[in-house]
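See structure below.
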There are 2 protein chains.
Amino acid sequence: MAATSTGAGSIRARVRAEMTDEIKTIARRHLAADGANLSLRAVARDMGMVSSALYRYFASRDDLLTELIIDGYDAMGEVAEAADAAVKDRADLAGRWIAVAVALRHWAVAHPAEYALLYGSPVPGYVAPQATVGPATRPVLVLGAILADAHASGLLASETSPPAPPLPRALRPEVRRAAGAVAAGLPEQAMARGLIAWTELFGAISFDVFDRLKNTIDERSAWFEYQTRCMVEYLGLTDAAPRGGQPAHRGTRTPRGASRPRG
Amino acid sequence: MAATSTGAGSIRARVRAEMTDEIKTIARRHLAADGANLSLRAVARDMGMVSSALYRYFASRDDLLTELIIDGYDAMGEVAEAADAAVKDRADLAGRWIAVAVALRHWAVAHPAEYALLYGSPVPGYVAPQATVGPATRPVLVLGAILADAHASGLLASETSPPAPPLPRALRPEVRRAAGAVAAGLPEQAMARGLIAWTELFGAISFDVFDRLKNTIDERSAWFEYQTRCMVEYLGLTDAAPRGGQPAHRGTRTPRGASRPRG
DNA sequence: CGCAGTCAAGAGCACTGCTCTCGGATGTGT
DNA sequence: ACACATCCGAGAGCAGTGCTCTTGACTGCG
């Protein structure tokens with residue numbers, strides 16, 4: 001915009017972008033190693049620079065964190081989308097939900113510090129800027145789309161099972177609005193169940209990543225998948241499995257490919 | 001212990017205990033104000049002391065944190081136990097579970113920083129010492145007792161509803177062991193459901209405390225109670241209350257008065 | 001070629017956890 | 001009542017942090 005040097009493809013702009021990326025990469029490495037408290041000086045040392053030089057690229061430590069957070073949400077969103085897309089039978093809603101859940105957990109345990117940044121306790125002075133809310137919704141949208149597809153098939157638990165406790169009147173508008181944002185046309189009751197499953201999902205991932213199941217459950221992966229299957233059944237997605245006589249907890253037969261690493 | 005000065009009831013010991021308490025109180029205040037990163041120097045300033053003097057009372061910052069964590073678990077445990085005990089109709093299992101859940105959430109939103117310390121992302125360099133595991137189980141035990149009582153009444157969902165997905169063989173010993181520690185005699189299937197409800201509960205509290213529902217659900221209390229009611233139904237605790245024409249989700253008021261309140 | 005714009009370095013401020021030493025106060029045993 | 005052992009607070013100091021500001025060098029573009 002300055003019309004002089006910093007043209008879009010200018011050399012300076014290119015090396016600057018490379019520097020920015022390298023800083024973020026090293027910062028991620030430090031994040032993974034030392035946990036949440038990221039030291040700018042340490043990052044600078046690793047880059048062979050002096051700490052003040054970093055401020056040419058990031059206005060503050062919080063700015064760096066913000067970019068890392070956005071990248072994290074995007075990574076999770078991408079992982080979720082890829083896992084969903086990898087399920088060939090689009091009508092296998094249980095398989096899709098499980099694949100997404102497993103992929104999200106997989107990413108989380110592989111990047112615990114970044115996950116903590118996204119879904120753990122908020123860092124003290126930091127307030128998430130508006131720029132983070134968009135990426136933050138990406139993983140949710142994937143799950144919402146599955147629910148929407150399930151609803152389109154008319155197979156959700158809320159529509160086939162005995163009704164859950166009725167939604168208090170005060171909640172109905174908000175839940176309806178949430179449904180509109182995430183899964184258009186989804187009835188309130190189904191959206192409520194979806195929110196509960198979403199809560200359970202991230203509760204489970206957090207318990208896993210933060211090691212809250214120590215001395216209780218060691219078979220983490222198996223437990224997580226079982227848990228997810230239970231919630232899938234709670235949502236009623238298993239009824240959607242087209243083939244086979246019995247509905248119920250049929251979701252177990254999800255092809256192993258569901259959890260395969262994204263291509 | 002040296003047999004000379006520090007007798008159990010000595011004056012020095014008393015004032016020392018008072019100082020320790022005051023330090024912890026001020027530390028809690030700072031924790032609530034500034035978030036997770038607790039500054040020893042700031043605490044010392046507030047006490048009109050110099051930072052090094054604090055080291056007479058706590059070997060390190062982590063030591064202080066440990067004590068705060070233990071206190072926190074104890075506080076939550078106490079809150080949970082009190083909430084459970086306050087339900088006069090011991091047979092109203094749904095009411096008891098809901099009361100405990102609501103009390104836990106209430107404490108959590110009233111002490112967000114302490115809750116984050118207990119259930120949020122682990123603080124970087126800190127590893128929880130063994131002394132914390134005992135208190136940490138207190139809240140869980142309260143919920144486990146409710147499940148055990150429900151099982152004694154033979155009213156759990158796993159025993160009355162169609163079966164959930166079968167527990168993989170690899171998980172069964174661990175789940176059985178967990179059941180033994182928390183709710184003696186509870187069958188595996190019921191324990192699995194309990195673990196899921198527990199996961200959902202703390203997922204919900206964390207979402208609430210960490211403000212992850214911003215712009216989605218504003219009626220936090222109503223949403224939390226609804227959510228809890230759904231999980232109570234999932235557990236099958238509502239079956240303990242004979243549902244008349246009036247809604248079953250009224251859990252707090254259960255007509256069937258039976259067993260004696262325990263001491 | 002010269003200038004504008006960019007960048008890294010360095011010094012410095014205020015802050016942190018923590019260590020160590022040095023006096024003064026205090027309670028206890030003789 | 002005196003002396004000793006203990007405890008406690010203050011202060012200085014070390015190594016580290018985020019961040020600011022100034023200075024000097026480099027460099028791509030007109």
Side-chain angles (χ1 to χ4, degrees), chain A residues 1-24 26-27 30-31 33-68 117 123-127, chain B residues 1-24 26-27 30-31 33-68 117 123-127:
Chain A
M1 47 167 77
T4 41
S5 60
T6 342
S10 114
I11 302 183
R12 272 212 167 121
R14 231 181 40 112
V15 49
R16 182 185 175 83
E18 279 173 16
M19 284 290 269
T20 305
D21 276 356
E22 191 180 343
I23 293 173
K24 290 207 277 186
I26 294 185
H30 272 87
L31 212 56
D34 304 343
N37 49 0
L38 178 66
S39 162
L40 280 192
R41 292 181 119 112
V43 173
R45 260 195 302 273
D46 270 24
M47 296 210 41
M49 295 202 310
V50 111
S51 77
S52 59
L54 286 191
Y55 286 82
R56 299 273 164 202
Y57 301 92
F58 296 95
S60 68
R61 198 189 87 127
D62 283 6
D63 248 49
L64 212 194
L65 280 181
T66 296
E67 294 224 17
L68 293 179
L117 220 53
V123 321
Y126 180 81
V127 286
Chain B
M1 51 171 75
T4 41
S5 62
T6 343
S10 109
I11 301 183
R12 266 206 170 128
R14 232 182 39 115
V15 48
R16 183 184 172 84
E18 279 172 18
M19 284 290 269
T20 306
D21 277 357
E22 191 180 341
I23 292 174
K24 289 206 278 186
I26 293 185
H30 272 87
L31 213 55
D34 303 344
N37 49 1
L38 178 64
S39 161
L40 281 192
R41 290 183 119 110
V43 173
R45 261 194 302 273
D46 271 23
M47 295 211 39
M49 296 201 311
V50 112
S51 78
S52 60
L54 286 192
Y55 286 82
R56 299 276 167 203
Y57 302 92
F58 297 95
S60 69
R61 198 190 87 126
D62 284 6
D63 249 48
L64 213 194
L65 281 183
T66 295
E67 293 224 17
L68 293 179
L117 220 51
V123 321
Y126 181 82
V127 286

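Here is the naming used below: chain letters follow the sequence lines, and residue numbers restart at 1 for every chain.
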query: About how many Å separate CD of E18(B) and CD1 of I23(B), when rounded to the nearest 0.5 Å?
result: 12.0 Å
field: Spacing of L40(A) atom CG relative to dA8(C) atom C1', expressed in whole Å
entry: 16 Å
- prompt: Separation of R16(B) atom CZ from dC7(D) atom C1', in whole Å?
  reply: 9 Å
- request: Check whether the side chain of S52(A) and the base of dG10(C) form a donor-acceptor pair under 3.5 Å.
  value: yes
Between P of dC7(C) and CD of E18(A), the distance in whole Å: 13 Å
statement: M19(B) CE to dA25(C) C1', in whole Å, measures 14 Å
- request: Quickly work out the I23(B) CD1 to dG9(D) P distance and round it to whole Å.
  value: 8 Å
Interatomic distance, M47(A) CE vs dC7(C) C1' [rounded to whole Å]: 13 Å
query: Where along residues 56-65 of chain A does a heavy atom come under 4.0 Å from DNA chain C, residue by residue in number order?
result: R56(A), Y57(A)
- line: Separation of dA8(C) atom C1' from M49(A) atom CE, nearest Å, is 8 Å
- request: Supply the atom-to-atom distance R61(B) CZ to T66(B) OG1, rounded to the nearest 0.5 angstrom.
  value: 10.5 Å
Contact list (N/O, under 3.5 angstrom) for nucleotides 13-16 of chain D vs protein:
unit_1	atom_1	unit_2	atom_2	d
dG13(D)	O6	R41(B)	NH2	3.4

message: Working to the nearest 0.5 angstrom, can you tell me the gap between R16(B) CZ and T20(B) OG1?
response: 5.5 Å
field: Whole-Å distance separating the OH atom of Y126(B) from the C1' atom of dG17(C)
entry: 16 Å
Distance-only donor-acceptor pairs under 3.5 Å for side chains of residues 35-60 of chain B, two or more places apart:
unit_1	atom_1	unit_2	atom_2	d
S39(B)	OG	R41(B)	N	3.4
S39(B)	OG	A42(B)	N	3.0
S60(B)	OG	D62(B)	N	3.3
S60(B)	OG	D63(B)	N	3.2

